[in-house]
Trainee: 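Attaching a single structure in structure tokens format; questions to follow.
Chain letters run A, B, ... following the sequence lines, proteins first and then strands; every chain starts at 1.
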Amino acid sequence: MIDVPIDFETYWDKNYQLSKMTTAEYVLDPRFEIIGVALRTPDGVDRWVSGDIEHVRGELLRLVPDWSAVRVVAHNARFEAAILEWRLQIKPGAYMCTMVGSRPHILPYTRSVSLEAIARHLGVGTKGDYVHKVQGKHRADFTPAELDDYGNYSKNDEKITARISTYLLGILPTDEQEYLDLTIKKFARPRLRLDRAALVARQTQIETSKAALAKLVESRYKATLKDIRSRPKFAAILAQFGVQAPLKPNKKGTGMTFAFAKDDLAFKELLAHEKPEVRELVAAKNAMSSTLEESRVKRLIALHDIKDGWLPIPVVYYGCHPGRLSGDDEINMQNLPRVEIKNGVKKGHLRYAVVAPEGYSIIAADFSNIEARIVATLAGEIALREGFRSGADIYSSFATQIYHRPINKKDDPLERFVGKTCILGLGYGMGWRKFQLKMRQEGIEMSDATAQAIVSLYRATYPGIPILWRALEEMARTFLLKKDAMYPSPLAGLIFAHQRIILPNGMPLVYPGLRHTGGGYKFDSRFAGVEVMNSIWGGTWLENISQALARIIAVQAELRLARRALPAAHQVHDELIWVVPTAIVERVKTAIALSMCEAVDFLPELPIAVEIKHGPTYGDAK
DNA sequence: GTGCGGGGCGCG
DNA sequence: AAAGCGCGCCCCGCAC
């Protein structure tokens with residue numbers, strides 16, 4: 001595979017530009033026009049090709065005879081991939097993106113992955129600003145000399161990209177390079193489709209119910225849905241019925257704010273208020289609080305219409321601190337509402353609109369409670385670990401200890417739920433106050449003493465877990481705070497070094513600017529200035545590490561299967577999604593199960609279990 | 001009009 | 001503090 005760095009320059013103006021629309025919308029827009037493209041051809045020459053789309057395509061095919069043997073290198077490769085594949089019908093063998101490839105090691109220190117910021121950080125050149133001079137300029141508007149200048153600017157960007165790539169490829173393990181490529185292809189080569197009729201039907205349902213709500217609110221309360229949405233206006237409406245709006249401390253702890261969230265207990269209580277008007281208003285507020293489905297259905301219909309029904313999935317490699325993917329391009333395909341019935345309301349309609357093409361089925365495979373299993377294994381809690389391995393009902397077992405009587409899934413769903421929350425939540429150090437609150441929000445009342453007792457019972461039952469929190473703090477104090485420190489720990493091959501934990505796949509979990517202050521450990525936030533800090537302690541570290549290890553395990557499985565001709569269409573953290581011919585679904589499910597359950601090299605004792613389902617739609621595969 | 005912070009909600 | 005954590009997008013209100 002030979003690397004070909006490439007940089008497209010395309011028409012843009014005030015309203016038509018990438019920063020104001022999604023990649024798919026921009027590239028497939030009628031206004032789309034290639035001004036030119038800079039690339040380094042396999043003979044090592046940097047070139048600039050300019051002309052109409054047929055000319056560009058012809059030249060790219062002439063200069064690079066075998067694109068299947070090429071890895072395209074670009075800064076924001078999702079953009080270059082969309083142009084190459086959707087506009088020029090050119091399919092390279094692989095992609096390398098310097099923008100997302102910079103996220104694991106460099107972003108923690110630059111807080112920006114712009115070509116300019118990364119180039120400055122690495123000292124590999126300075127980006128020009130010619131692109132800002134060409135707003136609203138079509139190719140035909142350029143004089144030959146201007147086009148030449150633009151070509152030189154573009155070649156400079158391409159060369160900088162090439163240097164950044166050389167650096168990154170030197171530090172990114174080959175598995176990660178291959179995985180990064182798969183994330184670009186999830187977008188460029190969609191395998192899932194959208195069911196337009198299902199989307200429109202759902203949209204109509206939503207519109208109808210909103211219209212009915214608007215009518216009701218207007219006739220009874222002389223208010224609009226906008227008034228309901230506004231916190232101060234809603235408070236004023238409540239006051240008309242003698243209800244003082246519930247308050248809670250704001251997030252910064254600098255004052256009070258209205259407690260109008262669906263899980264705020266004081267707000268929830270109003271759902272049982274003696275006045276039917278109050279109950280109705282609170283229900284209306286709740287209905288107006290989530291617009292996810294409404295806006296998402298719009299976005300999906302638009303996507304359906306610009307890409308012939310295909311669903312390109314924009315995911316960001318290393319979008320999250322511990323390495324997981326994040327969403328992008330105005331759509332987060334990792335938070336579609338689940339298929340379930342909550343408070344008597346059916347959810348998950350959008351998942352039924354994500355479908356397999358004719359003759360194909362969707363397979364969704366989940367790692368079962370992978371993080372809790374990792375925690376048990378890292379902490380050396382052998383009984384817990386082996387309980388998971390044997391398929392025992394862990395949640396019921398712990399609930400049995402809480403309630404001093406045998407609990408089982410069928411007869412004691414509530415008690416088992418308490419046990420489940422403990423096993424999944426208390427491992428990261430949740431305190432009894434938050435535990436009690438969480439339980440209350442689920443409708444389970446619990447005294448202070450009971451909540452304290454349950455949290456203590458958890459820590460006493462699995463003492464290795466609190467010990468692990470302590471050990472992580474000790475290793476942080478000894479190694480993460482010290483320059484040039486390097487401790488290869490016995491924990492899953494984790495190496496503790498200055499401001500970072502090196503994971504068993506060689507990738508870092510970075511804590512930039514980590515320091516110990518009076519209030520504990522803090523590190524610079526990725527999302528704001530240095531003055532904004534994230535706090536961290538043993539429980540947080542265990543959470544970050546477990547999530548990072550779970551991510552590596554999922555990626556290893558995804559790569560194994562991709563190499564066996566089963567590239568995943570989508571991934572949601574611990575869930576992998578494939579689209580396969582319906583005729584071979586059962587065989588493929590077996591192959592997937594075997595591969596996903598393969599022992600993990602850096603944690604051989606980890607018991608793995610998967611849950612695999614399939615159906616014609618994503619909703620059915622749950 | 002645009003950008004930004006806060007509160008909120010969805011998923012894992 | 002023996003403290004669950006990780007994201008992206010939405011809307012509102014407000015500053016400029």
Side-chain angles (χ1 to χ4, degrees), chain A residues 20 225-234 248-252 254-255 257-264 267 285-286 288-296 298-299 314-316 318-338 340 342 347-348 350-351 366-367 369-372 375 421-435 437-438 452 455-456 458-460 463 465-470 473 509 518-521 526-528 532 534-548 550-551 554 571-575:
Chain A
K20 292 188 179 172
L225 291 185
K226 219 175 144 59
D227 299 333
I228 300 289
R229 234 179 217 148
S230 160
R231 280 187 287 267
K233 283 176 190 154
F234 184 74
K248 63 178 173 185
N250 67 10
K251 281 184 182 168
K252 279 190 169 174
T254 53
T257 184
F258 294 117
F260 288 157
K262 67 174 175 44
D263 290 328
D264 288 332
F267 194 57
K285 177 74 177 161
N286 282 336
M288 293 309 293
S289 287
S290 178
T291 56
L292 185 151
E293 231 196 336
E294 197 177 3
S295 50
R296 195 67 58 85
K298 260 186 218 151
R299 169 63 53 202
V315 283
V316 179
Y318 249 85
C320 311
H321 180 225
R324 303 208 295 202
L325 301 179
S326 67
D328 200 14
D329 255 350
E330 298 177 26
I331 193 160
N332 182 354
M333 285 306 293
Q334 317 228 44
N335 74 341
L336 287 183
R338 273 191 305 250
E340 63 181 332
K342 206 168 184 181
K347 291 178 63 190
L350 297 185
R351 295 202 185 214
D366 276 87
F367 285 99
N369 33 51
I370 178 101
E371 285 192 35
V375 167
T421 308
C422 293
I423 296 293
L424 297 183
L426 296 181
Y428 300 135
M430 190 191 294
W432 68 268
R433 281 261 177 224
K434 195 169 274 191
F435 176 69
L437 179 67
K438 226 175 146 75
Q452 285 170 21
V455 171
S456 299
Y458 176 87
R459 293 173 183 173
I465 293 172
I467 288 171
L468 184 52
W469 302 336
R470 287 295 226 200
E473 291 205 342
L509 193 47
Y521 295 90
R526 294 165 64 193
F527 302 107
V532 179
N534 291 330
S535 298
I536 189 159
W537 68 286
T540 330
W541 261 305
L542 180 56
E543 196 281 340
N544 283 188
I545 289 167
S546 308
Q547 203 181 96
R551 178 272 189 193
Q571 185 246 72
V572 188
H573 311 312
D574 62 0
E575 176 190 26

Trainee: Suppose we screen for side-chain hydrogen bond (donor to acceptor under 3.5 Å, both in side chains). Which residues come up paired with A:Ser535, at least two apart in sequence or across chains?
Mentor: A:Lys522

Trainee: Rounded to the Å, how far apart are A:Ile228 CD1 and B:dG8 P?
Mentor: 16 Å

Trainee: Side-chain contact, heavy-atom cut-off 4.5 Å: A:Gln547 with A:Glu543?
Mentor: yes

Trainee: For A:Gln571 and A:Glu575, does a side-chain donor sit closer than 3.5 Å to a side-chain acceptor?
Mentor: no

Trainee: Does a side-chain heavy-atom distance below 4.5 Å link A:Leu509 with A:Asn544?
Mentor: yes

Trainee: Contact class for A:Gly327 (heavy atom, under 4.0 Å): base, sugar-phosphate, or nothing?
Mentor: sugar-phosphate

Trainee: Heavy-atom contacts under 4.0 Å between residues 288-295 of chain A and DNA chain B, which residues?
Mentor: A:Ser289, A:Ser290, A:Leu292

Trainee: Just say parallel, tilted or perpendicular for the rings of A:Phe234 and A:Phe267, cut-offs at 30° and 60°.
Mentor: perpendicular

Trainee: From A:Leu336 CG over to A:Arg351 CZ, what is the distance, rounded to the nearest 0.5 angstrom?
Mentor: 5.5 Å

Trainee: A:His573 NE2 to C:dC7 C1': how many Å, rounded?
Mentor: 7 Å

Trainee: Taking C-beta and beyond as the side chain, do A:Val315 and A:Ser326 meet within less than 4.5 Å on heavy atoms?
Mentor: no

Trainee: Taking the minimum atom-to-atom distance to the side chain of A:Ser326, which one of C:dC7, B:dG8, B:dC11 wins?
Mentor: C:dC7

Trainee: Quick test: give all pairs of protein nitrogen or oxygen and nucleotides 13-16 of chain C nitrogen or oxygen below 3.5 Å, distance rounded to 0.1 Å.
Mentor:
{"residue": "C:dG13", "atom": "OP1", "partner": "A:Ser230", "partner atom": "OG", "Å": "2.2"}

Trainee: Could you list the residues that satisfy side-chain contact (heavy atoms from CB on, under 4.5 Å) with A:Trp469, not counting sequence neighbours?
Mentor: A:Arg459, A:Ile465, A:Pro466, A:Trp537, A:Leu542

Trainee: Taking only the side-chain heavy atoms of A:Arg459 (C-beta and beyond), determine which of C:dG6, B:dC9, C:dA3 contains the nearest atom.
Mentor: C:dA3

Trainee: For A:Leu336, which contact category applies under a 4.0 Å heavy-atom criterion: base, sugar-phosphate, or nothing?
Mentor: sugar-phosphate

Trainee: What's the closest nucleotide to the A:Asn332 side chain, out of C:dA3, C:dG6, B:dG10?
Mentor: B:dG10

Trainee: Figure out the NZ/P separation between A:Lys438 and C:dA3, and round it to whole Å.
Mentor: 15 Å

Trainee: Do A:Asn250 and A:Thr254 have side-chain N/O donor and acceptor atoms under 3.5 Å apart?
Mentor: yes

Trainee: Could you state the CZ-C1' distance from A:Arg299 to C:dC10, rounded to the nearest angstrom?
Mentor: 12 Å

Trainee: Contact class for A:Phe435 vs. all strands (heavy atom < 4.0 Å): base, sugar-phosphate, or nothing?
Mentor: nothing

Trainee: Provide, to the nearest angstrom, the distance between the NZ atom belonging to A:Lys262 and the C1' atom belonging to B:dC9.
Mentor: 6 Å

Trainee: Hey, does A:Lys233 have a side-chain heavy atom less than 4.5 Å from the side chain of A:Lys226?
Mentor: no

Trainee: Give me the stems containing DNA chain C, sorted by first residue, counting only three or more consecutive Watson-Crick or G-U pairs with both distances under 3.5 Å; say none if there aren't any.
Mentor: B:1-12 with C:5-16

Trainee: Tell me whether the OP1 or OP2 atom of B:dG10 has a side-chain N or O from A:Lys347 closer than 4.0 Å.
Mentor: no

Trainee: Are the side chains of A:Phe260 and A:Asn286 in contact, using a 4.5 Å heavy-atom criterion?
Mentor: no

Trainee: Rounded to whole Å, please give me the gap between CG in A:Asn286 and P in B:dG7.
Mentor: 18 Å

Trainee: Which whole-number value in Å describes the distance from A:Lys285 NZ to B:dG8 C1'?
Mentor: 9 Å

Trainee: So what does A:Leu424 touch, heavy atoms closer than 4.0 Å: a base, only the sugar-phosphate, or nothing?
Mentor: nothing

Trainee: Using whole Å, report how far CG of A:Asn250 lies from P of B:dG8.
Mentor: 10 Å

Trainee: Taking atom types as modelled and ignoring hydrogens, do the side chains of A:Asn332 and A:Arg299 form a donor-acceptor contact shorter than 3.5 angstrom?
Mentor: no

Trainee: What nucleotide, of B:dG7, B:dC11, C:dC5, holds the atom closest to the side chain of A:Pro337?
Mentor: B:dC11

Trainee: Could you tell me whether the phosphate oxygens of B:dG8, OP1 or OP2, come under 4.0 Å of any side-chain nitrogen or oxygen in A:Lys248?
Mentor: yes

Trainee: Under 4.0 Å between any heavy atoms, over every strand shown, what does A:Arg351 touch: base, sugar-phosphate, or nothing? Just pick one.
Mentor: sugar-phosphate

Trainee: Under the rule for ring-ring contact (aromatic ring centres under 6.0 Å, His included), what residues qualify as partners of A:Tyr428, not counting sequence neighbours?
Mentor: none

